[in-house]
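Only one structure is covered here, and it is reproduced in the block below.
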Amino acid sequence: MSKRVGLEISLAIAEAVKLADTDMIAAYPITPQTHIVERLAEMVAEGELKAAYINAESEHSAISLCVGSSIAGARTFTATSAQGLALMHEIMYITAALRLPIVMVVVNRAMSGPLSIWGDHSDVMGERDTGWIQLFAQNGQEAFDMTLQAFRIAEDHRVLLPVIVNIDGFTLSHVIEPIEILDQTELNKFMRTFKPKYPLDPRRPLTFGAFAIPEYYMEAKKQVEQAIFSSKAVIEEVWQEFDKLYGRHYTPIESYKTEDAKILLLTLGGIGETAQTAVDEMREQGIKVGLLKLVMYRPFPIQELRDACKAAQTLVICERAMSIGGQGGPIGFEVRSAFYNHRTDLQIHDIILGLGGRDVKVDDFKVLVKHASEKKPKEYELIGVRE
Amino acid sequence: MTEIRFHGRGGQGAVIASEILASALFAEGKFVQTFPEFGVERRGAPVQAFLRFDTKPILLRCKVYTPDHIIVLDPVLTKTVNITQGLKPGGWILLNSTQVPNSNQFSKFRLAIIDATGIAIKYRLGAKTAPIVNTAILGAFTKISGLAHLDHIIDGIKEYVPVKLQENIQATKDAYEMVRQI
């Protein structure tokens with residue numbers, strides 16, 4: 001039977017990796033991801049998980065080890081944060097181009113400098129263009145569920161792409177809360193055996209990572225592009241099956257009290273729950289406000305976003321990353337593009353907040369909604385910053 | 001929803017105290033959330049831990065700003081940190097102290113003291129110069145607040161405290177008996 005336990009979210013992710021019977025874990029510990037890989041190392045050392053655990057000498061090596069292991073046909077997991085993810089950056093593109101179903105949990109942390117160990121989404125936004133599928137969890141249950149779902153999605157032969165599950169550093173990773181841990185028998189109904197499509201085998205030599213002359217490069221990129229867009233249907237199929245088995249529902253965008261809402265907030269990650277509390281409190285005061293939580297970031301659910309905003313007049317994007325020298329944050333660019341040529345009457349406010357672990361409170365969302373209902377949108381705005 | 005803030009210093013066990021209390025409340029069927037004030041933890045530096053519990057799921061990912069109760073593991077902190085900041089009137093302040101503070105800073109609140117340091121030293125919990133007072137302070141808090149059952153706190157200690165189990169349990173029980181409401 002499944003069991004609801006009080007567990008630190010990082011440890012729940014480690015449980016998911018164990019339950020998925022992962023074959024190989026390569027990682028380099030970095031705050032705030034450390035608790036996940038510490039627990040996995042312990043599980044392997046204690047014989048609870050029969051897997052290879054490699055404590056690499058850097059994140060660049062960790063992801064490179066993952067590439068090799070995944071090519072050889074092993075179910076492969078890694079986790080990292082911030083500078084660690086940046087150090088993996090060049091291999092990130094290769095992983096997607098090689099179509100390797102590696103699963104990575106990114107415990108989102110601000111990029112230095114100034115040196116910060118605290119949370120925001122600036123690390124993972126750097127991986128926006130790599131071809132990895134990206135999901136955002138907003139609580140411990142989602143972090144646990146999505147880690148399991150990620151293996152199913154990545155390893156599906158219609159997908160064969162690596163998947164990042166994002167969880168906020170500290171405000172999710174270090175929180176103890178009730179999480180339902182599926183037991184192995186229950187989970188076996190959902191998980192599949194990993195069957196690599198082209199495993200590396202000395203008896204049947206294959207070349208991986210060959211170079212592509214200009215006559216081939218664009219075709220190879222187009223294949224990755226097609227794979228990630230068609231992965232959306234597979235992700236939704238996996239989510240439906242998960243819902244049927246365990247009764248937890250996942251969608252590319254989660255809508256909350258949007259039906260009659262004139263103003264919508266849009267969030268990624270854990271601040272979605274705080275925003276939900278703010279929406280409830282504003283609704284009690286008669287303010288017609290709703291909330292969209294972006295769960296699937298890559299592939300970007302363009303049509304779902306347009307549909308979700310149909311009845312709204314104002315959209316307030318609340319994002320924890322910025323593109324310095326650009327027009328705001330990465331989500332702002334993407335959302336505005338989704339409406340260009342489709343709707344010109346939607347007022348889009350791009351708000352950047354919660355950088356480097358600055359706390360995002362219930363009242364912050366109330367202030368934003370009031371501000372957006374009174375003022376015309378600027379290109380973008382940083383809030384909560386001292387002048 | 002009830003919110004509790006722990007004030008301590010790195011090494012006193014404030015974070016573990018919040019985890020033990022969370023596990024006791026969880027055993028009583030509550031929805032619980034607990035997390036430390038995230039930072040670069042150093043021995044002796046002021047630290048905080050937060051705990052929320054409710055009868056329904058908790059949808060908040062921010063720090064605790066208006067606690068219902070506070071638990072102070074080091075009385076010296078009352079001189080350097082504004083421990084009552086945001087504390088709701090009528091809320092409990094539990095101080096690890098041998099003396100009643102002669103300050104009207106606490107007049108709007110309910111105050112209790114416990115010599116958790118003395119108890120921790122008696123049972124040799126931590127070093128004599130840096131005793132680990134978390135299990136004692138929890139016993140005292142359990143008594144004054146009535147929020148969790150002592151047996152569930154003891155179960156939590158079994159889960160979260162790796163060494164000197166019997167001594168820690170006895171420290172909790174002693175503090176439960178010795179706490180003084182002012």
Side-chain angles (χ1 to χ4, degrees), chain A residues 3-11 31-32 35 107 109-110 115-119 137-141 167-180 256 267 269-281 291 293 320 353-354 356-365 384, chain B residues 1-6 10 14-42 45 47-67 85-86 148 152-153 155-160 162:
Chain A
K3 204 166 67 169
R4 203 166 135 266
V5 294
L7 195 61
E8 186 183 292
I9 295 175
S10 289
L11 305 186
T31 301
H35 291 185
V107 182
R109 160 180 160 180
L115 174 59
S116 168
I117 57 165
W118 292 274
Q138 59 171 331
N139 56 43
Q141 192 64 58
I167 69 157
D168 291 335
F170 293 114
T171 47
L172 291 181
S173 63
H174 285 52
V175 176
I176 297 179
E177 63 181 28
I179 301 171
E180 189 188 327
Y256 184 71
T267 61
I271 63 166
E273 294 201 329
T274 312
Q276 194 173 328
T277 299
V279 166
D280 284 342
E281 291 180 10
L291 171 64
K293 300 171 186 178
R320 301 184 68 187
L353 78 182
R358 183 147 310 176
D359 212 15
V360 181
K361 305 181 283 285
V362 174
D363 284 352
D364 293 335
F365 294 105
Chain B
M1 184 170 58
T2 303
E3 295 179 306
I4 299 165
R5 190 169 64 206
F6 292 76
V15 175
I16 299 288
S18 76
E19 292 177 359
I20 294 167
L21 182 56
S23 101
L25 291 161
F26 184 75
E28 291 170 21
K30 302 288 199 307
F31 287 89
V32 194
Q33 179 191 66
T34 186
F35 51 97
E37 185 193 43
F38 320 115
V40 191
E41 289 85 356
R42 288 147 299 162
V47 296
Q48 289 182 27
F50 308 104
L51 184 146
R52 297 187 168 102
F53 70 94
D54 205 342
T55 50
K56 56 184 199 301
I58 296 163
L59 293 168
L60 283 174
R61 295 288 168 195
C62 47
K63 292 185 210 171
V64 169
Y65 291 95
T66 54
Q85 189 164 33
H152 289 137
I153 295 284
D155 289 343
I157 292 171
K158 289 176 187 165
E159 191 180 341
Y160 282 96

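Chain identifiers are assigned alphabetically (A, B, ...) following the order of the sequence lines, protein sequences preceding nucleic acid strands; residue numbering begins at 1 within each chain. Treat the numbers as computed from the prediction; the structure is a model and nothing was measured. Reckoned from all heavy atoms, side chains included, excluding hydrogens, waters and symmetry mates.
With sequence neighbours excluded, the residues that form a side-chain hydrogen bond (donor to acceptor under 3.5 Å, both in side chains) with A:E8 are A:H35. Applying the side-chain contact (heavy atoms from CB on, under 4.5 Å) criterion to A:D359, with sequence neighbours excluded, gives A:K361, B:C62, B:K63, B:Y65.
Put simply, CD on A:Q276 and CZ on B:R61 are 11.0 Å apart, with the number rounded to the nearest 0.5 Å. Atom CD1 of A:I176 is separated from atom OG of B:S23 by 8.5 Å, given to the nearest 0.5 angstrom.
The neighbour count for B:Q85 CD, taken as heavy atoms of other residues, nucleotides or ligands under 6.0 Å away, does not exceed 12.
For A:T274 against B:L60, the heavy-atom pair with the smallest separation is OG1-C, 3.9 Å. B:Y160 approaches A:G6 most closely through the heavy-atom pair OH-O, 4.3 Å.
In this structure, no portion of A:D168 lies under 4.5 Å from any heavy atom of chain B. Heavy atoms of B:L51 lying under 4.5 Å from chain A are absent altogether. Heavy atoms closer than 4.5 Å to chain B are found in both the backbone and the side chain of A:V175. Residue contact with chain A, scored on non-hydrogen atoms closer than 4.5 Å, involves the backbone and the side chain of B:T34 alike.
A heavy-atom distance below 4.5 Å is found between the side chains of B:F26 and A:R4.
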